[in-house]
There are 2 protein chains.
Amino acid sequence: MNIGDAATKAGLPAKTIRYYEDIGLVKPARDANGYRAFVQSDIHKLTFLARARALGFSIEDCRDLLALWEDSSRASSDVRRIAQEHLARIETKIADLEDMRDTLKTLVRDCAGDDRPDCPILNRLGDPA
Amino acid sequence: MNIGDAATKAGLPAKTIRYYEDIGLVKPARDANGYRAFVQSDIHKLTFLARARALGFSIEDCRDLLALWEDSSRASSDVRRIAQEHLARIETKIADLEDMRDTLKTLVRDCAGDDRPDCPILNRLGDPA
DNA sequence: CTTGACCTTCCAGTGAGTGGAAGCCCTATG
DNA sequence: CATAGGGCTTCCACTCACTGGAAGGTCAAG
């Protein structure tokens, strides 16, 4: 299977798949003409990667998860730890964004948004006191 | 005032201030010895930038906000629009992260996290059906 | 035989800095 | 007066996870 079909099946851009090969996440064989030849297990890996990335796992996390996935003797605690650390990072990020959101909401609410120059948003950024 | 003191006052790393000069956000004068010489208005600008960045505005948003801040004849509607667009992006990002968080929470909850290889997290990533 | 879609590699750029090297400048101390 | 240290300068490379584009090879259809 060529890269275009692999991309369709895995739900990833072809460019991304080439990049994943570059960094050693997948190692598709090559046809005589130099085209990448994806087999079913490559597609599985790519699909796995697409799902893990969609859940926000970093590439390095994905590399580890993929290794664990391939390792039938793995301990599920290893996977769980990675997922839990990622979950903690996500929750921190959500909290940070919620703080920003609340502040911005207040500012936007208080701003008349008309033709006059007076603007609480700029006032706050320039001098929050 | 040298860059170190400016950094302390504005709450930004010196490196970041140099970077902001590089991209034209601030234009401090220079002493005879080549050192940057920050005056009060530079510190104000840097402080403004630090606050806007802390609220998650992009550098380009900051550039626009700074220009509006300096423009006494601005319309507050311009500022409001920028803030509202940013707010919308933040809310989208929060929603995305919340989706990830919910999925991850379920997976982590269902994973025994012991020495056995069976792992719902990997199962889900490999075959979500 | 040509067209057009596909594939290849390689180079450069994104955002917003951060790290580090090499080398000046300034002040304080012995 | 020499030197040690800290701070300042520039410049280059690196981060993360791609993405865009150029230049050129390959393949199937008409």
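Proteins get letters first, then strands, A, B, ... in listed order; numbering begins at 1 in each.
Taking atom OH of residue B:Tyr35 and atom P of nucleotide D:dG6, one finds them 14 Å apart after rounding to whole Å. The distance from atom CG of B:Asp31 to atom P of D:dG7 is 17 Å, rounded to the nearest whole Å. Between the C1' atom of C:dC7 and the CE atom of A:Met1 lies a distance of 16 Å, rounded to the nearest Å. Regarding B:Ile17, its CD1 atom lies at a distance of 15 Å from the C1' atom of D:dT9, rounded to whole Å. Distance B:Asn33 CG to D:dG7 P: 16 Å, rounded to the nearest Å. The separation between A:Asp22 atom CG and C:dC10 atom C1' is 10 Å, rounded to whole Å. Counting to the nearest Å, the P atom of C:dC24 and the CG atom of B:Asn2 are 19 Å from each other. Summarising the geometry, the separation between CD on A:Glu21 and C1' on C:dC7 is reported as 13 Å, rounded to the nearest angstrom.
Regarding contacts with the backbone of D:dT9, a side-chain N or O of B:Arg18 is found under 4.0 angstrom from either OP1 or OP2. At the phosphate of C:dG15, neither OP1 nor OP2 sits under 4.0 Å from any side-chain N or O atom of B:Arg63. Contact annotation: A:Arg36 does not reach the phosphate of C:dC6 (side-chain N/O to OP1 or OP2, under 4.0 Å).
B:Arg18 and B:Ile3 get closest at one heavy-atom pair: CG-CD1, 3.5 Å.
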Any N/O pairs under 3.5 Å between the protein and nucleotides 16-20 of chain D? List them or say none.
residue, atom, partner, partner atom, Å
D:dA17, OP1, A:Ile59, N, 3.3
D:dA17, O3', A:Arg53, NH2, 3.3
D:dC18, OP2, A:Tyr20, OH, 2.7
D:dC18, OP2, A:Arg53, NE, 2.8
D:dT19, OP2, A:Thr16, OG1, 3.1
D:dG20, N7, A:Lys15, NZ, 2.8
D:dG20, O6, A:Lys15, NZ, 2.9

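Between A:Asp42 and A:Met1 the shortest side-chain heavy-atom distance does not fall below 4.5 Å. Within the 4.5 Å cutoff, side-chain heavy atoms of B:Leu122 are placed close to those of A:Arg74. Residues B:Thr106 and B:Arg109 form a side-chain contact, since some pair of their non-hydrogen atoms from C-beta on lies under 4.5 Å apart.
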Side-chain donor-acceptor contacts of residues 82-98 of chain A below 3.5 Å, not counting sequence neighbours, with atom names and distances?
residue, atom, partner, partner atom, Å
A:His86, NE2, A:Leu55, O, 2.7
A:His86, NE2, A:Gly56, O, 3.3
A:His86, NE2, A:Phe57, N, 3.4
A:Arg89, NH2, A:Asp61, OD2, 3.1
A:Thr92, OG1, A:Ala88, O, 3.0

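Electrostatic pairing of B:Arg116 and B:Asp114 counts as a salt bridge here, judged by a charged N lying under 4.0 Å from a carboxylate O.
Among the atoms of the strands shown, only primed sugar atoms or phosphate atoms (P, OP1, OP2) are found under 4.0 Å from some heavy atom of A:Ile3.
Listed by first and then second residue, the ring pair (Phe, Tyr, Trp, His ring centres under 6.0 Å) pairs involving residues 17-42 of chain B amount to none (not counting sequence neighbours).
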